[in-house]
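Per chain, numbering begins at 1; letters A, B, ... match sequence-line order. What you see below is based on every heavy atom in this structure, not just the backbone, and it leaves out hydrogens, waters and symmetry mates.
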Protein chains: 2
Amino acid sequence: MKNYINSLREHNLKATPQRLAIVDALYINGHMNTETLYGLMIQKFSSISLATIYKNINIMIEKNFIQEVKLPHAKSVYELTKTSHSHLLCKKCGAIEDVEINLDVMIENISKTNQFQIDKTDFVLSGNCKNCQ
Amino acid sequence: MKNYINSLREHNLKATPQRLAIVDALYINGHMNTETLYGLMIQKFSSISLATIYKNINIMIEKNFIQEVKLPHAKSVYELTKTSHSHLLCKKCGAIEDVEINLDVMIENISKTNQFQIDKTDFVLSGNCKNCQ
DNA sequence: AAGATAAAGAATAACTTTTATCCATTAAGT
DNA sequence: ACTTAATGGATAAAAGTTATTCTTTATCTT
């Protein structure tokens, strides 16, 4: 378990109990949407406001502490910022897995071919996971 | 210019003037979000309802006639269904380009390595286009 | 071509999702 | 401890999307 108090501070984010709980939930669950995150947080902080969830998600995205992952036919989920990676999405059970795919060569080629300077990729591969086929 | 009357019918969609105008706009512009689409349509049909835009987008997605493209830090855009392709997004000017990337070998490898059966990919590469660097 | 009918459009309300506002509370630096 | 700027909670407001009702129309059948 990481020391998220300092990680938050390093990103110029005050380490409030609500924030630490959100970060902890993302650490444990990997990917969560606002709805399920709120559902979890309300258990710890019975008076937490949904606006607090949104405000924190937004500021943590702004400070690059977390990332939004947009999924086809589903609500966006959020994850702690890690090294660049892609996502596997199971259409049946909704499970999301991180997957490391080296895209460097491909990006290099596309950059040249299309005269397009590429900074970042959002790559979601959808189908059926091991348990759902 | 294609005959979209028949294409719509083949997808079990009535060819109404409003629908044809939407399809035509997508054909011409490539990618549009609900807001800009409504802005264009209101010029042709002064009494068109925003609900009509949403209803048509939803049913056309359902019938696989158009596709939603989810973009980082921007509203989703819609495009006519074509052969599978990826997208280049310019962070500066917002331009979106289709790009053919052969992912077959990569998908094959990922499927094996992760025991995950992959049907479909959503791949957006962001950066700066030719004119914005 | 005319009539019948299921589907679609317009207008509007309702609902969902997200953001803004205001004030009380608190984390963090001095 | 004290101060202050930032954050949380409560709530309202705004933005985005869907549902409802009734009228109109595209399409099928004669």
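Atom NZ of Lys44(B) is surrounded by 12 or fewer heavy atoms from other residues, nucleotides or ligands within 6.0 Å. No more than 12 heavy-atom neighbours from other residues, nucleotides or ligands sit within 6.0 angstrom of NZ on Lys112(B). Counted within 6.0 Å of NZ on Lys75(A), heavy atoms from surrounding residues, nucleotides or ligands total more than 12; the atom is thus considered enclosed.
A donor-acceptor contact under 3.5 Å is formed by the side chain of Lys55(A) with the base of dG9(D).
The side chain of Asn56(A) contributes an N or O atom lying less than 4.0 Å from OP1 or OP2 of dG8(D). Within the structure, a side-chain polar atom (N or O) of Thr16(A) is placed less than 4.0 Å from OP1 or OP2 of dG8(D). For Asn58(A), a side-chain nitrogen or oxygen approaches OP1 or OP2 of dT19(C) to under 4.0 Å.
Residue-to-nucleotide proximity on DNA chain C shows that, of Pro17(B) and Leu50(B), the 5′-proximal contact is made by Pro17(B). Nucleotides of DNA chain D nearest to Ser46(A) and Ala51(B) differ in position, and the one nearer the 5' end is that of Ser46(A). In terms of position along DNA chain C, the nucleotide closest to Thr52(B) lies nearer the 5' end than the nucleotide closest to the other residue of the pair Thr52(B) and Glu35(A).
As a whole-Å value, the separation of Leu37(B) CG from dG16(D) P is 15 Å. For the pair Leu8(A) CG and dA28(C) C1', the interatomic distance rounds to 14 Å; values are reported in whole Å. Straight-line distance from the CD1 atom of Ile22(B) to the P atom of dA10(C): 10 Å, rounded to whole Å. With rounding to whole Å, Ile59(B) atom CD1 is found 15 Å from dA19(D) atom C1'. Distance, Ile57(B) CD1 to dG16(D) P: 13 Å, rounded to whole Å. Across the protein-nucleic acid pair, Lys14(A) atom NZ and dT4(D) atom C1' stand 8 Å apart, rounded to whole Å. In this structure, Phe45(B) places its CZ atom 13 Å from C1' of dT25(D), rounding to the nearest Å. Atom CD of Gln18(A) is separated from atom P of dG8(D) by 5 Å (rounded to the nearest Å).
The residue Ser47(B) sits close only to the backbone: its heavy atoms come under 4.0 Å of sugar-phosphate atoms, none of a base.
Side-chain contact of His87(A) with Asp98(A): a donor-acceptor pair under 3.5 Å is present, judged by distance alone. A side-chain donor from one of His31(B) and Glu79(B) sits under 3.5 Å from a side-chain acceptor of the other.
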